[in-house]
Engineer: 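Just dropping this structure here.
Protein chains get the first letters and strands the later ones, always in sequence-line order, with residue 1 at the start of each.
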2 protein chains.
Amino acid sequence: MAPTPTAPANAETPCRVLGLRERKKQRTRDALVDAAHSLFLSQGYARTTIDEIAAAVDVSQRTFFRYFANKDEAALAVLADAEDYFIECLRRRPAAENPLQAMRAAITESWRGLGSEHTGGVRAALELLQLIESTPTLLAAHLRRTTEQEGVVAQVLADREGLDAATDLRPRLLAAVFGAVLRVSHLAWGSGPFPDQDAGPEGMIAIIERHFDQLGPALVGDWR
Amino acid sequence: MAPTPTAPANAETPCRVLGLRERKKQRTRDALVDAAHSLFLSQGYARTTIDEIAAAVDVSQRTFFRYFANKDEAALAVLADAEDYFIECLRRRPAAENPLQAMRAAITESWRGLGSEHTGGVRAALELLQLIESTPTLLAAHLRRTTEQEGVVAQVLADREGLDAATDLRPRLLAAVFGAVLRVSHLAWGSGPFPDQDAGPEGMIAIIERHFDQLGPALVGDWR
DNA sequence: TGCCGATTGTCAGCTACTGACATAATCTGC
DNA sequence: GCAGATTATGTCAGTAGCTGACAATCGGCA
């Protein structure tokens, strides 16, 4: 949902004040995400059991699985929010920008927006990215999620340009290339840290920009 | 290893005739891959248990896990061979081609070579691709494998061009973009079948070519 | 207050996967 | 051919992820 502080009213929230039941549910969910996140980070993903996470929040294992379909989903929940926020940023980009420009601007914007006051902040997202790179199971799940998101991105691009995503190959293709650039950037960031690397979002943004700048050169010519 | 019929002698095979033990191992492995493949295809991935596969080959479940680290690995074994073959094709491409040309040529070449007399043939690979697209777990595992292979591809490209893969971003970037084009192509192929679609490798090759041709247009300009 | 629906806990069970140990098959040097 | 070292395999027991079914409990609402 990517709640922005400037837009409290949402079409899907008829009542401003949610019932006690809803609030409680939200709280347990957040607690589960937090517990999972810190446990995974401190002892590793594989060495952390669902029972541990559930015990930390004082709920049963069964309840955990009512909130998350599986262990992966709990781990990647933080990034899921960030991705939704990116989609929203992309939707809001001015129509004057061409697709590639819009995506570059949206990814920068979303990292910065995440940094200021979003859920958990950039901190959690960056920690998670590093955990993902070093955990094969998580990496697989993350890549699948990412790939699914590319479909959404392609649809947004097609809408922006007034094209039919079913027949025109370009939206899906560009979304996939964009995803590839991001993945390589994340990898490069994870294999750092570089001496001049910013701990906040700016470090990641710089690396992503550098990769985008190399995209053209990588595709054309002889590299020499 | 991608055994080609014209090159029986291999540097890693000191003796022409492998021992009985080795041959037996190879036979059970092949049998397991075949059994897994046909069971997954006929009843679906999730509804097939390891016990079933092991029973079909008349070995214990424990033996299955001595050949494959997990269920995914057995399912994707067919594609693993194909990927190794692609890498080999890429290595053999003439140095005159630039990186993108070499990869386009290598992927076409490997699909055709797979078609003529390779293990299992194109048939199995194409069936598997469709199963993958409709099985979330398998898709995740496949994407992870694919991503890992991109590292190998990047290294091959760097070697070809005499670059250092650790510092130059282009090899990894191009490998990732190439992977993205392939993934979208596979997806498009799976969401077919189109009326004019060839059942053999040529149908897939045509789709991949079409996507490559759209890569430039997708990246530049305003799409209108 | 009292009813209704939603959330949760408990329990039983399945399946993927692993370590430990015993058995049986192959290979090696004689 | 034959002992003895290797190595593949089977059996067994156990852990962890995940699910369905049912009962208890809690929040919403008249």
Side-chain angles (χ1 to χ4, degrees), chain A residues 13-33 35-37 39-40 43-77 135-142 144, chain B residues 13-33 35-37 39-40 43-77 135-142 144:
Chain A
T13 314
C15 284
R16 172 68 46 87
V17 164
L18 268 56
L20 172 58
R21 194 176 266 169
E22 292 296 318
R23 272 181 291 140
K24 218 172 178 179
K25 243 171 57 171
Q26 195 55 52
R27 253 191 296 131
T28 12
R29 205 196 119 95
D30 290 348
L32 282 171
V33 171
H37 186 77
L39 281 173
F40 289 157
Q43 0 172 317
Y45 180 76
R47 278 180 301 282
T48 304
T49 67
I50 310 277
D51 285 329
E52 279 181 282
I53 302 169
V57 185
D58 211 61
V59 295
S60 71
Q61 191 209 49
R62 194 67 183 85
T63 295
F64 175 94
F65 283 111
R66 289 205 176 91
Y67 281 92
F68 307 99
N70 47 46
K71 208 175 161 183
D72 304 331
E73 204 175 299
L76 302 179
T135 313
T137 307
L138 265 188
L139 180 58
H142 177 238
R144 188 173 69 85
Chain B
T13 314
C15 284
R16 171 71 43 85
V17 165
L18 267 57
L20 173 59
R21 192 178 267 167
E22 291 297 316
R23 271 181 292 139
K24 219 171 178 179
K25 243 170 61 173
Q26 195 55 50
R27 252 191 296 132
T28 33
R29 205 196 119 96
D30 290 348
L32 282 171
V33 170
H37 185 78
L39 281 172
F40 289 156
Q43 10 173 320
Y45 180 77
R47 278 181 301 282
T48 303
T49 67
I50 309 278
D51 286 329
E52 279 180 283
I53 302 169
V57 185
D58 211 63
V59 295
S60 72
Q61 192 209 48
R62 196 66 184 82
T63 294
F64 175 95
F65 283 112
R66 289 203 177 94
Y67 281 91
F68 307 100
N70 47 47
K71 209 176 161 182
D72 304 331
E73 204 176 299
L76 302 180
T135 313
T137 307
L138 265 188
L139 180 57
H142 178 236
R144 189 173 67 86

Engineer: State, to the nearest 10°, the angle formed by the axis through the first five base pairs of the helix from C/dT1-D/dA30 to C/dC30-D/dG1 and the axis through its last five.
Structural biologist: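 End axes: 20° apart.
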Engineer: Report yes if the side chains of A/Tyr67 and A/Lys25 come closer than 4.5 Å at any heavy-atom pair, otherwise no.
Structural biologist: yes
Engineer: Reading nucleotides 13-20 of chain D 5' to 3', which nucleotides get B (base under 4.0 Å from a protein heavy atom), which S (sugar-phosphate only), which -?
Structural biologist: ---SSBBB
Engineer: Checking B/Thr137 now: which residues fulfil side chain to side chain contact (heavy atoms under 4.5 Å, CB included) with it, not counting sequence neighbours?
Structural biologist: B/Tyr45, B/Asp72
Engineer: In whole Å, what is the span from the CZ atom of A/Arg47 to the C1' atom of C/dT18?
Structural biologist: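 It is 16 Å, rounded to the nearest whole Å.
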Engineer: Any base atoms under 4.0 Å from B/Thr63, or only sugar-phosphate, or nothing? Heavy atoms, all strands.
Structural biologist: sugar-phosphate
Engineer: How close do B/Arg29 and B/Ala77 get, counting heavy atoms only, and between which atoms?
Structural biologist: NH2-CB, 3.9 Å
Engineer: Do B/Gln26 and B/Arg23 come close enough that some side-chain heavy atom pair is under 4.5 Å?
Structural biologist: no
Engineer: In whole angstrom, give the distance that lies between atom CD of B/Glu52 and atom C1' of C/dC14.
Structural biologist: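 Whole-Å distance recorded here is 13 Å.
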Engineer: Apply side chain to side chain contact (heavy atoms under 4.5 Å, CB included) to A/Arg66 and list each qualifying residue two or more places apart in sequence or on a separate chain.
Structural biologist: A/Arg62, A/Thr63
Engineer: Give the minimum heavy-atom separation between A/Ala36 and A/Ala74, together with the two atoms involved.
Structural biologist: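 Residues A/Ala36 and A/Ala74, closest heavy atoms: CB-CB, 4.4 Å.
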Engineer: In whole angstrom, what separates A/Lys25's NZ from D/dG28's P?
Structural biologist: 12 Å
Engineer: Of all the heavy-atom pairs spanning B/Pro136 and A/Arg144, show the shortest one and how long it is.
Structural biologist: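 In this case the closest contact between B/Pro136 and A/Arg144 is O-CD, 3.1 Å.
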Engineer: Side chains of B/Val33 and B/Phe68: does their closest heavy-atom pair fall under 4.5 Å?
Structural biologist: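 In contact.
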Engineer: Who passes side chain to side chain contact (heavy atoms under 4.5 Å, CB included) against B/Ala35, sequence neighbours left out?
Structural biologist: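 Per chain and number, B/Ala35 pairs via side chain to side chain contact (heavy atoms under 4.5 Å, CB included) with B/Ile53, B/Ala56, B/Val57.
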Engineer: Without swapping roles, check the side chain of A/Glu52 against the backbone of A/Thr49 for a donor-acceptor pair under 3.5 Å.
Structural biologist: yes
Engineer: Between B/Lys71 and B/Thr48, what is the shortest heavy-atom contact and its length?
Structural biologist: NZ-O, 2.8 Å
Engineer: Encode nucleotides 24-30 of chain C as B, S and - characters from 5' to 3', where the letter depends on protein heavy atoms closer than 4.0 Å: B to the base, S only to sugar-phosphate, - to neither.
Structural biologist: -BBS---
Engineer: Using OP1 and OP2 only, check whether a side-chain N or O of B/Tyr67 sits under 4.0 Å from D/dT9.
Structural biologist: yes
